[in-house]
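Structure first, commentary second.
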Amino acid sequence: KNEVEQSPQNLTAQEGEFITINCSYSVGISALHWLQQHPGGGIVSLFMLSSGKKKHGRLIATINIQEKHSSLHITASHPRDSAVYICAVRNNAGNMLTFGGGTRLMVKP
Amino acid sequence: EPEVTQTPSHQVTQMGQEVILRCVPISNHLYFYWYRQILGQKVEFLVSFYNNEISEKSEIFDDQFSVERPDGSNFTLKIRSTKLEDSAMYFCASGPTGLQPQHFGDGTRLSIL
């Protein structure tokens, strides 16, 4: 069973700061997802990646398959980025996702 | 942009009653999923559904649970005899293939009394 750990659990930043959220997993995967969960509970898919790096606006996601580690970076953070960020991995067999516990981010103006 | 829609947004049910949670996936998607999140805990996979059958299910998805795609547009999760511990947020998701990002609904908050 894949163990997915995220750090930090909670993060408070000032507007404009560069933010990094980390995710590590224990067993080889076929893909890793970064998700954003808003205070109301809704979940939005930010990235799916299986190698290298992806960028969308101010968000950058990287993955190191050998080290079983991924990072989500937010540049020029803004209060609207405040949310819970969740890492989820898809194992090599099947489509089942295993989720990390989430990182609660608060960006203060 | 197309969305996954879930109804109701909040369901309150007496313990022991049957409950059906409804989802309308994005129309050209072929893979459908149910997840749950107990308050304060991680999101957990329940089941995936493809080609009118369950393709994968977790240990949580026992005989009390069932899924159905009754009419080609809706995707439902039924809990036969609810327990207090079934109280959670239930998310539906869909994807065009099993290898592409999933689109999530806003969830149904299920409260068992």
Side-chain angles (χ1 to χ4, degrees), chain A residues 1-10 21 23-27 29-51 54-57 59 61 63 70 72 83-104, chain B residues 1-6 8-11 23 25-26 29-51 53-61 87-111:
Chain A
K1 184 182 173 182
N2 220 331
E3 301 291 335
V4 182
E5 299 292 335
Q6 287 185 236
S7 63
Q9 284 186 298
N10 294 284
I21 298 170
C23 174
S24 60
Y25 51 92
S26 57
V27 178
I29 61 171
S30 60
L32 181 143
H33 296 250
W34 280 104
L35 308 166
Q36 182 190 52
Q37 186 170 31
H38 289 286
I43 294 175
V44 174
S45 179
L46 298 174
F47 294 104
M48 187 183 82
L49 62 167
S50 52
S51 65
K54 286 192 176 180
K55 184 175 190 292
H56 186 248
L59 301 179
I63 188 167
S70 175
L72 176 69
V84 176
Y85 291 84
I86 301 171
C87 165
V89 300
R90 189 175 75 227
N91 297 330
N92 282 324
N95 296 321
M96 182 173 119
L97 293 183
T98 303
F99 292 77
T103 294
R104 185 175 299 277
Chain B
E1 186 177 325
E3 292 182 337
V4 176
T5 55
Q6 289 187 242
S9 56
H10 190 190
Q11 173 83 46
C23 169
I26 293 173
H29 286 185
L30 301 177
Y31 287 77
F32 314 110
Y33 308 85
W34 281 103
Y35 300 92
R36 79 171 185 191
Q37 186 177 32
I38 295 170
L39 187 64
Q41 297 187 22
K42 295 182 181 185
V43 178
E44 300 170 289
F45 168 84
L46 292 178
V47 66
S48 61
F49 191 87
Y50 168 72
N51 201 25
E53 59 183 25
I54 291 173
S55 51
E56 205 167 353
K57 61 182 181 179
S58 70
E59 293 168 353
I60 304 166
F61 194 88
S87 294
M89 182 78 100
Y90 288 80
F91 292 100
C92 172
S94 70
T97 73
L99 301 177
Q100 289 178 269
Q102 299 171 22
H103 296 248
F104 287 79
D106 286 339
T108 292
R109 183 169 300 283
L110 177 63
S111 300

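So that the names make sense, note that chain A is the first sequence line, chain B the second, and so on, each numbered from 1. Values below: all heavy atoms of this structure, side chains included; hydrogens, waters and symmetry mates excluded.
- Checking side-chain atoms of Gln6(A) against main-chain N and O of Ile21(A) turns up no donor-acceptor pair under 3.5 Å.
- When heavy atoms are compared at a cutoff of 4.5 Å, Val4(A) approaches chain B solely by way of its backbone atoms N, CA, C and O.
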_Run the side-chain contact (heavy atoms from CB on, under 4.5 Å) test on Glu56(B) and Phe45(B) for me, step by step, so that the C-alpha distance in whole Å, both residues' side-chain angles and the decisive distance to 0.1 Å come before the verdict._
CA-CA 10 Å; Glu56(B) 205 167 353; Phe45(B) 168 84; 4.1 Å; yes
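- Contact count against chain B (heavy-atom pairs under 4.5 Å) is highest for Gly101(A) among Gly101(A), Ala31(A), Ser30(A).
- Ring-plane geometry between Phe99(A) and Tyr35(B) is classed as perpendicular, the angle between the planes exceeding 60 degrees on a 0 to 90 degree scale with a lower cut at 30.
- Residue contact with chain B, scored on non-hydrogen atoms closer than 4.5 Å, is absent for Leu46(A).
- Both the backbone and the side chain of Gln102(B) come within less than 4.5 Å of a heavy atom in chain A.
- Contact annotation for Gln41(B): neither backbone nor side-chain heavy atoms come within less than 4.5 Å of a heavy atom of chain A.
- The aromatic rings of Tyr50(B) and Tyr31(B) lie parallel to each other, their planes meeting at an angle below 30°, with 60° marking the opposite boundary.
- The closest donor-acceptor contact from the side chain of Lys57(B) to the backbone of Glu59(B) lies at 3.5 Å or more, if one exists at all.
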